[in-house]
Chemist: 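My questions will all concern the structure given below.
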2 protein chains.
Amino acid sequence: MTASQDKRVETLRWCDGHLEMIDQRVLPAEFRYLRYDSAEAVAQGIREMVVRGAPAIGCAAAYGVALEALRQRDASTADFTGRMERAFEVLAASRPTAVNLFWALARIRTRWQSLASQSVPAQADALLAEAHEILAEDIRVNRAMGEHGAALLADGARVLTHCNAGALATAGHGTALGVIRSAVEAGKRISVVADETRPFLQGARLTAWEMVQERIPVTLITDNMAGFMMSRGEIDAVIVGTDRVAANGDVANKIGTYMVAVLAQRHGIPFYVACPISTIDMSIADGAAIPIEERAHREVTGFRDLQWAADGVLVRNPAFDVTPAELVTALITERGVIHRPNRERLAALTATP
Amino acid sequence: MTASQDKRVETLRWCDGHLEMIDQRVLPAEFRYLRYDSAEAVAQGIREMVVRGAPAIGCAAAYGVALEALRQRDASTADFTGRMERAFEVLAASRPTAVNLFWALARIRTRWQSLASQSVPAQADALLAEAHEILAEDIRVNRAMGEHGAALLADGARVLTHCNAGALATAGHGTALGVIRSAVEAGKRISVVADETRPFLQGARLTAWEMVQERIPVTLITDNMAGFMMSRGEIDAVIVGTDRVAANGDVANKIGTYMVAVLAQRHGIPFYVACPISTIDMSIADGAAIPIEERAHREVTGFRDLQWAADGVLVRNPAFDVTPAELVTALITERGVIHRPNRERLAALTATP
């Protein structure tokens with residue numbers, strides 16, 4: 001396994017004029033990079049969850065735009081403009097819930113608009129530079145969140161997390177797992193309890209793998225064991241990532257997050273959400289307006305090629321749920337920790353330049 | 001699939017001098033009976049979950065004792081007694097949580113003690129008759145629970161259930177699914193939402209299969225989707241079975257039941273427990289004293305031969321959790337519905353002969 005030689009997991013990397021992304025569908029059994037050369041291919045990679053995790057999806061989309069610009073660098077300005085608009089469209093349609101996708105597309109579009117007077121090749125180069133900057137910034141943001149969040153964790157804390165909000169969900173370090181990594185770097189003894197996170201098993205496959213790589217003790221449970229662990233006093237804090245936070249502080253995240261938050265409240269356990277500012281969507285009043293993706297039924301009736309459910313059963317497969325702001329102890333952002341997030345606090349946070 | 005010809009699922013059946021049990025590890029892909037001839041073999045079948053579900057385990061244990069008596073029918077009285085004691089021991093050690101196992105063993109032991117003056121072959125015949133009666137009684141009890149419980153479900157109700165408390169968990173009809181079956185027989189349109197119930201997937205494999213067989217509409221979700229469904233107003237009631245109810249009304253049931261109960265309370269959804277009197281353990285003051293089985297780690301790191309979790313991860317695998325009585329809207333028993341179960345109500349219920 002290549003990554004075990006190098007502590008830093010490069011979820012996305014620019015290599016030899018191409019975007020390469022770790023194929024997260026096959027981890028941990030297999031560690032491989034897939035290579036991408038067009039917006040269409042990147043959109044497919046996002047849709048099929050080769051790459052997942054809100055910040056990583058944002059980075060991938062930015063590279064998707066840049067790749068398309070590079071592919072079209074010999075086109076006329078008119079052709080270039082048309083093909084770029086199509087690239088934005090196909091990327092925006094890849095997945096609906098994570099707002100970082102739309103944030104990254106809006107940011108790189110603003111950059112593109114500022115380049116209108118330049119040649120097509122110059123535009124393409126500038127868009128690639130912007131994608132690189134989005135990726136580099138994501139790592140800086142995760143580091144800053146990590147430092148702010150680490151202060152919330154006591155030495156010896158047993159921290160439950162749901163899904164994977166780790167290096168694999170970002171350009172590096174991670175959001176929720178970034179906080180854990182930063183606490184460990186600060187000398188705290190942290191142990192992690194990972195929900196397996198059906199149906200895609202991001203907890204069992206990705207979070208467990210990341211923690212094992214770094215020798216941070218990690219205990220795997222099925223999603224339905226979180227309540228048992230809390231009732232036995234075996235969880236001190238919960239930290240999760242998020243795909244979109246509404247203006248009132250409601251949090252959309254991987255399906256099952258809401259259940260964990262309800263249980264944490266019952267047991268008086270703090271429920272933290274690691275959330276880069278780019279994940280806050282002030283255009284949406286509350287969680288009810290966040291679009292929730294429904295994915296393929298076969299994800300629920302089995303795993304990969306193995307189907308175990310009875311034929312003839314109906315299926316629901318919402319990929320996300322919404323945790324109301326009242327259940328959130330604090331948002332951990334790169335600008336600091338926002339306790340008891342609400343409309344006023346988020347407005348103040350996002351108004352600062 | 002043999003069972004589709006016959007509506008009644010015979011989880012256990014006496015056939016040609018042997019006990020036969022449906023192999024619940026391989027359903028629904030394969031429908032097969034396994035044959036048992038000794039207490040030791042039945043204990044292994046219980047341990048490996050060929051048969052599971054508290055009432056079905058009780059029936060299996062009773063047959064285990066009877067099979068051992070038949071195997072020893074040519075033994076001297078002294079040898080017979082020793083071998084029977086060993087049979088009781090091995091069966092009692094098969095699984096710790098479901099009290100029906102111990103209830104059935106105590107009942108058949110009482111019967112055995114009443115036979116002390118009879119010949120060994122006569123004792124063996126009488127013990128087999130007692131096992132038959134325990135099985136027949138379980139079906140009658142389930143039918144009675146079904147009729148009492150059906151009155152709680154409105155026409156059109158969307159009922160969430162966890163694990164499998166169906167015909168496959170009993171001698172027939174089922175406890176929680178028995179209530180649903182009886183409501184459907186009474187002409188109500190009921191639809192079922194089945195939690196898949198990791199790690200053994202009783203919901204996806206067994207509950208879904210039972211409901212599809214009977215054309216009761218059933219929607220499969222992963223365990224972490226129950227909160228989403230409730231928050232969207234898509235669940236009208238929850239019904240589950242139980243493995244042991246303590247004297248104060250605390251309910252041990254399949255891992256994840258507690259989470260469902262907490263969510264149901266938050267959403268004002270009634271949480272019903274279908275519970276034969278034999279599942280109430282008045283010798284245990286509250287849920288904290290109920291022994292919780294921890295099963296093999298490989299159940300959590302994958303499913304059957306497929307392992308998906310990262311190597312090196314630690315694992316917890318509690319098979320049950322405890323739902324405090326305060327979260328239980330009502331117990332549905334064969335003697336009627338006990339609203340807001342507590343110590344006084346359970347004492348009164350179990351004191352009646």
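Proteins come first, then strands; the chains are lettered A, B, ... in the order of their sequence lines, and each starts at number 1. Keep in mind that this is a model prediction, so the values were computed, not measured.
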Chemist: Sort E234(B) into side chain, backbone, both or neither according to what part of it lies under 4.5 angstrom from a heavy atom of chain A.
Modeler: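 When you check distances to chain A, only side chain atoms of E234(B) fall under 4.5 Å.
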
Chemist: For F31(A) together with W209(A), are the ring centres under 6.0 Å from each other?
Modeler: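 Close enough - the centres of the two rings lie under 6.0 Å apart.
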
Chemist: Let me know if Q202(A) has heavy atoms under 4.5 Å from chain B in its side chain, its backbone, both or neither.
Modeler: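 Looking at Q202(A), nothing touches chain B.
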
Chemist: Taking the side chain as every heavy atom from C-beta outward, state whether E326(A) and R340(A) have any atom pair closer than 4.5 Å.
Modeler: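 No, side chains not in contact.
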
Chemist: Would you say I290(A) and D243(A) make side-chain contact, with heavy atoms under 4.5 Å?
Modeler: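 In short, these two side chains do not touch, never coming nearer than 4.5 Å.
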
Chemist: Taking all atoms of both residues into account, what is the closest heavy-atom pair of Y258(B) and F228(A), and its distance?
Modeler: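 Nearest heavy atoms, Y258(B) then F228(A): CD2-N, 4.3 Å.
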
Chemist: Given heavy-atom pairs under 4.5 angstrom as the criterion, report whether the side chain, backbone, both or neither of R198(A) touches chain B.
Modeler: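 Both parts, heavy atoms under 4.5 Å.
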
Chemist: Between M211(A) and chain B, which part of the residue has a heavy atom less than 4.5 Å away: side chain, backbone, both or neither?
Modeler: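 M211(A) has no heavy atom closer than 4.5 Å to chain B.
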
Chemist: With a 4.5 angstrom heavy-atom cut-off, which part of L206(B) approaches chain A: side chain, backbone, both or neither?
Modeler: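 Contact with chain A: none, neither part.
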
Chemist: So what's closer than 4.5 Å to chain B heavy atoms on L306(A): side chain, backbone, both or neither?
Modeler: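 Just its side chain gets close to chain B.
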
Chemist: For A226(A), is it the side chain, the backbone, both, or neither that has a heavy atom closer than 4.5 Å to a heavy atom of chain B?
Modeler: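 The answer is both parts of A226(A).
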
Chemist: Which bit of D311(A) comes within less than 4.5 Å of chain B, counting heavy atoms only: side chain, backbone, both or neither?
Modeler: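 The backbone, not the side chain.
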
Chemist: Quick one: what part of H297(B) sits under 4.5 Å from any heavy atom of chain A, side chain, backbone, both or neither?
Modeler: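 Neither part.
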
Chemist: Which bit of V218(A) comes within less than 4.5 Å of chain B, counting heavy atoms only: side chain, backbone, both or neither?
Modeler: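 It is both, since atoms from each part get that close.
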
Chemist: F200(A) ring centre to R25(A) NZ or CZ under 6.0 Å, with the angle to the axis within 45°?
Modeler: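 Output no; distance or angle outside limits.
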
Chemist: Does a side-chain heavy-atom distance below 4.5 Å link V192(B) with I180(B)?
Modeler: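 In short, these two side chains touch, coming nearer than 4.5 Å.
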
